[in-house]
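The structure under discussion appears below in the form of structure tokens.
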Amino acid sequence: KQEVTQIPAALSVPEGENLVLNCSFTDSAIYNLQWFRQDPGKGLTSLLLIQSSQREQTSGRLNASLDKSSGRSTLYIAASQPGDSATYLCAVRDSNTGNQFYFGTGTSLTVIP
Amino acid sequence: DTEVTQTPKHLVMGMTNKKSLKCEQHMGHRAMYWYKQKAKKPPELMFVYSYEKLSINESVPSRFSPECPNSSLLNLHLHALQPEDSALYLCASSLHEDSDYGYTFGSGTRLTVV
């Protein structure tokens with residue numbers, strides 16, 4: 001069964017810093033990987049979707065990379081802002097188990113003004 | 001319209017009550033999903049509907065009963081719930097169940113069982 005892990009579990013940085021969130025998965029047989037943001041008690045907002053054939057995707061200050069063979073993805077956030085404070089979840093769409101979506105454990109980010 | 005809309009946003013119900021959660025999307029997505037999320041945990045899949053048919057039931061207790069009346073609407077009927085069922089219930093949709101497309105999530109229903 002696919003296992004998705006995110007490191008670190010929590011991260012606190014001063015405003016303006018660049019930061020990297022990590023996501024690793026155990027089985028490289030995936031269709032895609034999606035990064036989400038979740039504010040406390042709220043739903044998930046999609047940030048970036050990377051197909052298995054792609055190496056990276058960019059949206060504004062966010063850049064996500066995918067190394068499928070090594071089972072890793074990173075989410076790079078440039079010039080962090082207090083409004084970036086949230087929990088970030090990665091999820092992989094597994095092609096072995098009926099296209100099920102497996103979520104990582106999440107990274108709780110706090111950007112200090 | 002690029003949203004998944006969930007109602008109500010908050011629900012408090014007694015263990016003998018019957019209530020329903022509603023999820024709606026008008027993006028033409030043919031796969032819809034129910035997830036349950038406990039505090040500080042990732043979402044857990046409950047049900048998958050593909051073309052209005054139940055595709056996956058992740059061994060969810062029968063006190064949760066999903067329904068997909070049409071391609072835009074997904075309901076979750078609740079009956080005789082337990083306090084441990086209190087959680088955030090998230091609905092999501094994607095173009096197809098077996099596609100390369102990502103998921104769009106709703107903002108969730110915060111359910112409290114008393």
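A note on names: the letters A, B, ... follow the listed sequences, proteins ahead of strands, and every chain is numbered from 1.
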Requested in this report: Any chance you could measure A:N32, atom CG, to B:Y101, atom OH, to the nearest 0.5 Å?
Outcome: 11.5 Å
Report summary line: Smallest heavy-atom separation, A:G104 atom then B:P42 atom, equals O-CB, 3.2 Å
Query - Heavy-atom pair count under 4.5 Å with chain B, highest-scoring of A:S46, A:S108, A:G41, A:A91 - result: A:G41
Report task. Find out if a path of hydrophobic residues (ILVMFWY) with successive side-chain heavy-atom gaps under 4.5 Å connects B:Y33 to A:L49. Result -> no
Query - Among A:L44, A:T105, A:T87, residue most engaged with chain B (heavy-atom pairs, under 4.5 Å) - result: A:L44
Query raised in the report: Should the heavy atoms of other residues, nucleotides or ligands under 6.0 Å from CZ of A:R55 be counted, would the total exceed 12?
Result: no
**Report entry** Verify same cluster id: A:L11, A:Y88 (apolar side-chain graph, 4.5 Å)
**Finding:** yes
Query raised in the report: Same cluster or not: are B:L45 and B:Y89 linked, directly or through other Ile, Leu, Val, Met, Phe, Trp or Tyr residues, by side-chain heavy atoms under 4.5 angstrom apart?
Result: no
Query raised in the report: Looking at CZ of B:F105 and CD of A:Q34, how far apart are the two atoms once the value is rounded to the nearest 0.5 Å?
Result: 7.5 Å
**Report entry** Within 6.0 angstrom of A:E3 CD, more than 12 heavy atoms from elsewhere
**Finding:** no
Report task. Give the minimum heavy-atom separation between A:Q38 and B:L90, together with the two atoms involved. Result -> NE2-CD1, 4.4 Å
**Report entry** Which atoms of B:Q37 approach chain A - backbone, side chain, both or neither, heavy atom under 4.5 Å
**Finding:** side chain
**Report entry** Cluster link A:F36 to A:L21, ILVMFWY, side chain under 4.5 Å
**Finding:** no
Report summary line: Given B:C91, B:P43, B:A92, the one with more heavy-atom pairs under 4.5 angstrom with chain A than any other is B:P43
Query raised in the report: So with a 6.0 Å cut-off around CE of B:M15, is the heavy-atom count from everything else above 12?
Result: no
Report task. Please round to the nearest 0.5 Å and tell me the distance separating atom NZ of A:K42 and atom NZ of B:K9. Result -> 7.5 Å
Report task. For each of A:G43, A:G106, A:S52, tally heavy-atom pairs with chain B at distances under 4.5 Å, and name the one with the top tally. Result -> A:G43
Requested in this report: Answer with side chain, backbone, both or neither: which region of B:E3 has an atom nearer than 4.5 Å to a non-hydrogen atom of chain A?
Outcome: neither
Query raised in the report: A:Y102 and B:M46: same hydrophobic cluster, using ILVMFWY side-chain contacts below 4.5 Å?
Result: no
Query raised in the report: Closest heavy-atom contact between B:S94 and A:R93?
Result: OG-NH2, 3.8 Å
Query - Selection from B:A39, B:S55, B:G108, B:S107 maximising heavy-atom pairs under 4.5 Å formed with chain A - result: B:S107
Query raised in the report: Does CZ belonging to A:R37 count more than 12 external heavy atoms closer than 6.0 Å?
Result: yes
**Report entry** Ring geometry between A:F101 and B:Y103 (parallel below 30°, tilted from 30 to 60°, perpendicular above 60°)
**Finding:** parallel
